[in-house]
Amino acid sequence: MGHHIIVCPADAALLNRLGGRAVVLRLTSLEDLDRAVGDARQAGALLHCAAVELRHPLGLLTLEERWKDIPIALAVPSVGRLRDVVGLMPLIRQMNIRIGLPADSAENLTGLRILASWGVACTATPGSGPIPWDRFSDLATYALFGLVPHGPVEPFDHLAKHYAANARTDFRGVWFEDPTRFVHMDASGRFAFSPAELAAGEFAGLTPDEVDRIDDSDFYRNRLESWRAVFLEKDGCASCPGWRICLGAFQNTARTEPRCRDAFGGLLDEIERHQASARKGRRELWQA
Amino acid sequence: MPNVLLTQSCVRSCPYCFAKRHMAESSPDDILSWENLIYIADFLQSSGERVFRLLGGEPTLHPDFNAMVLYLLERQFNVNVFTSGVMSDSVLGEMAELFAGLPPERFSLICNLNDPGKTRTPLAEQESIRRFLRLMSERVVPGFNIYRVDFDLDFLFQYINEFGLQRHIRVGIAHPIVGKKNLYIHVSQIDAVIARLFSYAPMFERVRVKPGLDCGFPICRFSDEQLAWLYRHTGGKSEFSCGPVVDIGPDMSVWPCFPLSSFHKRSLFEFNSMREIIDYYQHVHRSVRTEVGGLYDECDLCRHREDGICLGGCLAHSLARFQNEAPVRMKEIYQWDTTSSSARPTRPS
Amino acid sequence: MASLILKATEQCNSNCYYCDVVTKRGRGGSMSLEVLEQVFTRTNEYLENNPGERVELLWHGGEPLLLGPGYYRRAWELQQELCSGTRSRIHHAIQTNLTCFTEAFVEIFRLLGIGSLGTSYDPEPHMRGPGPGRDSDAYNRMFLRAVSLVERHGFGWGMIYVVTKRSLEHPADVFYFLTNFRLSGGLNLNPVLIYDEVRRDVAVTPEEFVEFLGAIFPLWWNHRARYPDVEPFKSLVTNIIDGGNSLACVDSGSCTYQHINIAPNGDTSQCGRSADWGLLQYGNIRDRSFDDILHDRQRDQLRDRITVIASGDCAGCRVWELCHGGCPLDAWSKHGDFAHKSEWCEARRGFIERYFEPISGRKFEPKGAFLPS
């Protein structure tokens, strides 16, 4: 069985073809959660998480205690009223949940910090608008150098853990967009390496079985090498000091809003500082 | 236990106001941001503080006041708010609704009340205060700032009974803001203030209200009988110390207390813990007290001062003595921020 | 170790603006198998006569990959056959533009023991590329494809970047581009060497080269763990801060008795430029052994040069031990004889004194070898 996790709709017929595979169920309503998880279990699929994307603020949601043990990636457009979110906190604290907010608003970046300071795992997700990069950088500083323990904030936590000097670090797995780990599948079993590629019909394969063979395909290999294309384009990304931890994730906005360069250049510095600080004073115990 | 200023705007114009100089210079936009609130919360938590004191100006003027209180409560801080009691109905209504079920120690308010008979207070303000006291009731400790010798406390006992407030009055005396003109109790008036205060001792006993003295009262001005009375009625909780309390401004600047808000103003980001801040200002205060022991000449040789029981009254009085001198004393005495808007503190890299 | 620069071919598939090989238009041809056989015969002879010695065979050109994988397989076979007892002391290296690299080269390079490929690259449009118009887009696509292949098969690679006038406009962008491209660095920054007026428009002066390096150095210094292998910075750290000794041939002053450039027809000289300029010609390998060639009396000029310039052009220079007057061929191009320092010495000292020392906070302390008067 292939190692890729399949991000797919919670379609029972599809799930029946995905037995034994790890899946991320794409949902647009919490009301479908029980049924979707049940269908996945019935099909013998291994639930990596339920990715629930909603149109309502976090504070307006109704969460159920029976969902405590379901790994959930919850994407909401905003936090909503804090008084409403506080009411949800006792349950949120018990849940295996990451809350994603689009990073394209200052309010959401603040919301991420509030949630993280309450111990909630959070993810800054790409939005449709320009990102306030100064605030983004501030959030990164908080995520890496907060004075007291707090909930992890992605993608900073991933970068802090996985960054290695002299290597590229692709954080887009926190958005399920790492082609070495995730494929995105539609209801008929066709799949691609990102939702955008799936929507555009840039399929890497047409059936679930092909996922197992994807590692051997030229398409996959080319996809893994696609990062090199930035060096052909001579745009700002190729000469960005932060490229090795961004890999052009914000390439689409970089042309009109190039301050991502400062943000990621600074973030790279901070990650190295964070790692150096973590290494300092650490003593390796000898092994018997 | 530091004070955190949510805003430097206020709705009142109290004649003694310590914050007068600040608020006159601050802009309505000078409010504490969420990011800075979270930083302060982290800072205090890492320093072992579990009580968050919110001040202003008038803290309820902050557009996110209730949300910020909610946030801090969720962080497991106990929240203590210094307020005038003058606030909009919507803020008050939401406050009452949100915090109704909380034990008073989790969310409490100190309401600085002026005697309506002696301090000109518009009717609307009085009504707002009354609404506040009625709704917040047992969460409120009334506070009173003495800025004139002929003060009256009767209205406070009346409020306590009428509104079911905490049976405790926090009494403070208005101190000078060094370098500026404000209404305050002069050193020569302290005896009269203490005498008048203790003229209310029977009233305190009758209505079973405890007094609490704010900082800056010199112990030597109390008779043994008065000190015994205080001991008996406060459980020995009276203190005669003088700061640093540590105030944190919306722009993340810190200073030892409001009368000294221009004295050795620093940035919170320069420090790693509350202990560091307190040590810093204690060092500065010690330097000043090396030059002059306290309010009175006798302070220099006072054994209560030596023992640390009393620090010689409010430092602001001591510093005021140097204002008209040539600057020949220790350099720590002269570090005043004389500009109206000091450089905004920045987080160190 | 003797370094044999094997100009296996003068042919090239690119038309790089500043390359001297281009001006020769492939007139030198390619090395025949007979000459190649002679190379290995002489190599074995040298190694048998010098039991403690090793030889580096640097495949060069033109573009050496144009010879095709079959040529290198034949080279390997010749080595197996003619150097059976000495081949363990032969180290192969290659300097290539990589654009012709294919899977077919993988196995033979492994057989030859080539673990890393030297290359050069310039992202500036129309500085490199096939054809009169220098189709840099085509060149870059080929290069990227080749690098991908190189990395996929586990080869290392290092890159020379030639600093031209166009580089001066955006040194930071150049630095970040190159270090994003090759993440650990593996980068050598060299000034372009132009000897004619036609291409003077891309030439840089020593002062301009200093400023270019100076603009980049703080970026590198503050993050040198991120970009460990960037020359000339890394070797200067080794020499100035770590107390080590790591100098390229042009700075070591010790290329005199170690280098042999072998042209396609077997003619030898000191290096590629000396061959092009008719200087220091040591005869053909058909007629002379490597021992003879390495001890040719003409080389004594280079040896003597060190002494002459140490008390002449370089007298009083505090960075003598890091430079030794630079490359003698650079001196020749400027002065017409070897007994002078290179004009690029000023760049080396200028960079060290105006940028390296102040930014690193470390001053170079000469050890006292070859101290000037």
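None of the values given here were measured: they were computed from a predicted structure. In what follows, chains carry the letters A, B, and so on, assigned in the order in which the sequence lines appear, proteins first and then strands, with residues in each chain numbered from 1.
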Distance, nearest 0.5 Å, that separates CD of Glu233(A) from CG of Asp137(C): 11.0 Å
If you measure from CZ on Arg152(C) to CD on Glu225(A), what distance do you get to the nearest 0.5 Å? 6.0 Å
Does CZ in Arg135(A) sit with more than 12 non-hydrogen atoms of other residues, nucleotides or ligands closer than 6.0 Å? no
Quick one: pull up CG in Leu183(C) and CH2 in Trp243(A) and give me the separation to the nearest 0.5 Å. 6.0 Å
Is the backbone N or O of Pro241(A) less than 3.5 Å from a side-chain atom of Asn180(C), with the two atoms forming a donor-acceptor pair by type? no
Set of side chain to side chain contact (heavy atoms under 4.5 Å, CB included) partners for Asp173(C), sequence neighbours left out: Ser239(A), Arg261(A), His170(C)
So do the side chains of Leu144(C) and Phe231(A) get within less than 4.5 Å of each other, counting heavy atoms only? yes
Heavy atom to heavy atom, less than 4.5 Å: which residues from residues 213-226 of chain C reach chain A? His223(C), Ala225(C), Arg226(C)
Whatever's closer than 4.5 Å to a heavy atom in chain A on Arg141(C) counts as both
Work out which heavy atom in Tyr227(C) is nearest to a heavy atom in Asn166(A); give both atom names and the distance. N-ND2, 4.5 Å
Ring pair (Phe, Tyr, Trp, His ring centres under 6.0 Å) filter on His162(A), not counting sequence neighbours, yields His158(A)
Top contributor to chain A interface from Ser148(C), Ala172(C), Pro228(C) [non-hydrogen pairs under 4.5 Å]: Ser148(C)
Heavy-atom side-chain contact between Glu151(C) and Arg228(A) under 4.5 Å: yes
For Phe176(A), all residues meeting ring pair (Phe, Tyr, Trp, His ring centres under 6.0 Å), sequence neighbours excluded: Phe182(A)
